Amino acid sequence: MSSQGGTRQPKYQRIADALKAAIRSGEYGPGDRLPGENDLMAAYDVARMTARQALGVLQNEGLAEARKGAGVYVRAFRPLRRRGIQRLAQEQWGSGRSVWSVDAEDRELVVDQIDVHEGEADDRVADVLGLPREARVCVRSRRFVLDGKPVLFATSYLPADIVADSAITEADTGPGGVYARLAELGYEPVRFREEIRSRMPTTDEAERLSLSLGTPVIQIVRTAFAEGGRAVELNDMTLDSASYVLEYDFDAR
């Protein structure tokens, strides 16, 4: 099969396309083992490296996962649908629900790692929060796991002068989370801004999210603003791109 301009697709890509078509047709369902390197070598008369590259394409696109010593399997994981607007509505966290629960729906999103400490704001954090350089901030880092798979790592920065001695400095912030506690402190978020980009992960991010080689991440940086325009939180989130669908549903008027 030729692509545009008369250039033939690489063999590994043609094999990967055939495997993806087989997954779409239901020939291979969630949790099924895909043909191994030896199978592909024999079926397509290709070298081992070509067969390995073909399977790598499916892993990099989040369609398959390698299991050590067992082969490559169709990924059974159901992506999270991150509803970027509904999850931040005041009626959500104001009623005691976590903003993360909107994403998980009927599944349990677990925080398996959490670190809360006070530190100095670097230049970026200080600029966003309108703080002097090296001002004290509360730093909250969390890793979220769904169905046994790490899907998100998030770090929030909040001005220490606002949140000192509050539940925000504790591992468990209570019903409604950080935003409900900010409201109790007189700094209820009334506006949010999110910046989104896709990029390749750092080595540390790949390890934290158990990403296979070549899998990109989505970085979402959210700033929460209180009445009067003061920035009260900077939340830097790194998402496994294969684990999320980003949805934005809003009125035209």
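Since the model is a prediction, treat every value here as computed from it, not as a measurement.
Side chains of T173 and R140 form a contact here, defined as non-hydrogen atoms less than 4.5 Å apart. Between F144 and V110, every side-chain heavy-atom pair lies at or beyond the 4.5 Å cut-off. Looking at heavy atoms from C-beta onward, D240 lies out of side-chain contact with V217 at the 4.5 angstrom threshold. Using a 4.5 Å heavy-atom threshold, the side chains of M200 and P216 count as touching. Using a 4.5 Å heavy-atom threshold, the side chains of T155 and N235 count as separate. Side-chain contact between D17 and Q9: present, with at least one pair of heavy atoms (C-beta onward) separated by less than 4.5 Å. Taking the side chain as every heavy atom from C-beta outward, P175 and R181 approach each other to under 4.5 Å. Side-chain contact between L109 and V151 is present, with at least one heavy-atom pair separated by less than 4.5 Å.
Listed here is the closest heavy atom pair of L209 and T238: CD1-O, 3.8 Å. For the residue pair V116 and T169, the shortest heavy atom distance occurs at CG1-O, 3.3 Å. Closest of all the heavy-atom pairs between A54 and A16 is O-CB, 3.7 Å. Of all the heavy atoms in A64 and L34, the pair that sits closest is CB-CD1, 3.9 Å. The minimum heavy-atom distance between Y73 and G31, with the atom names listed, is CD2-O, 3.3 Å. Minimum interatomic distance between E27 and D32 (heavy atoms only, all atoms of both residues): O-OD2, 4.3 Å.
Interatomic distance, CD1 of I168 versus CD1 of I162, reported as 8.5 Å (0.5 Å rounding). Separating the CD1 atom in I218 from the CE atom in M237 is a distance of 11.0 Å, to the nearest 0.5 Å. In this structure, the separation between CG on L55 and CG on L19 is 6.5 Å, given to the nearest 0.5 Å. Atom OG of residue S241 and atom CG of residue L211 lie 7.5 Å apart, to the nearest 0.5 angstrom. Between the CG atom of L182 and the CD atom of E233 there is a distance of 7.0 Å, given to the nearest 0.5 Å. How far CZ of R8 is from CD of Q13: 13.5 Å, rounded to the nearest 0.5 Å.
Contacts of D165 classified as side chain to side chain donor-acceptor pair (under 3.5 Å), with partners at least two apart in sequence or in another chain: none. Considering only residues two or more places apart in sequence or on other chains, E207 meets the side-chain contact (heavy atoms from CB on, under 4.5 Å) condition with T203. Residues that satisfy the side chain to side chain donor-acceptor pair (under 3.5 Å) test with N38, not counting sequence neighbours, are R48.
Every pair passing salt bridge (charged side-chain N to carboxylate O under 4.0 Å, His left out) that includes a residue from residues 150-163 is listed here, sequence neighbours excluded: D161-R230.
Salt-bridge check for E205 with R208: failed, with every basic side-chain N at 4.0 Å or more from each acidic carboxylate O. Looking at R197 and E195, no side-chain N of the basic residue comes within less than 4.0 Å of a carboxylate O on the acidic one, giving no salt bridge. For the pair R222 and D236, the salt-bridge criterion is not met [side-chain N within less than 4.0 Å of a carboxylate O].
Following chains of ILVMFWY side-chain contacts shorter than 4.5 Å, one cannot reach L63 starting from V245, and the two form parts of different hydrophobic clusters. Under a hydrophobic-cluster definition in which Ile, Leu, Val, Met, Phe, Trp and Tyr are linked whenever side-chain heavy atoms come within less than 4.5 Å, directly or via other members, L158 and F225 are assigned to different clusters. F192 and L185 fall within the same hydrophobic cluster, where Ile, Leu, Val, Met, Phe, Trp and Tyr residues are linked whenever their side-chain heavy atoms come under 4.5 Å apart, directly or through other members. Tracing side-chain contacts under 4.5 Å through hydrophobic residues (I, L, V, M, F, W, Y), one never reaches M49 starting from L58; they form parts of separate clusters.
Side-chain atoms of S156 and R142 include a donor-acceptor pair closer than 3.5 Å.
Membership of the apolar cluster around V221 extends to V125, V128, L129, L131, V137, V139, Y157, L234, as traced through chained side-chain contacts below 4.5 Å between ILVMFWY residues.
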Passes side-chain contact (heavy atoms from CB on, under 4.5 Å), K20 versus Y28? Steps please.
-> CA-CA 9 Å; K20 285 190 280 187; Y28 299 109; over 6 Å; no

Should R133 and D123 be marked as a side-chain contact (heavy atoms from CB on, under 4.5 Å) after you check the CA-CA gap, both sets of side-chain angles, and the distance that decides it?
-> CA-CA 6 Å; R133 297 296 183 272; D123 288 350; 3.0 Å; yes

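Within 6.0 Å of atom NZ in K11, 12 or fewer heavy atoms from other residues, nucleotides or ligands are found, so the atom counts as exposed in its surroundings. In this structure, E227 places its CD atom where only 12 or fewer heavy-atom neighbours from other residues, nucleotides or ligands lie under 6.0 Å away.
Aromatic pair Y187/Y179: ring centres not closer than 6.0 Å.
Remark: the backbone N or O of I114 is not paired with any side-chain donor or acceptor of S141 at under 3.5 angstrom.
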Under 3.5 Å donor-acceptor pairs involving side-chain atoms of residues 39-47, not counting sequence neighbours:
unit_1: D39; atom_1: OD2; unit_2: G36; atom_2: N; d: 2.9

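In this structure, R143 fails the cation-pi test against F153, since its NZ or CZ atom is not both closer than 6.0 Å to the six-membered ring centre and inside 45 degrees of the ring normal.
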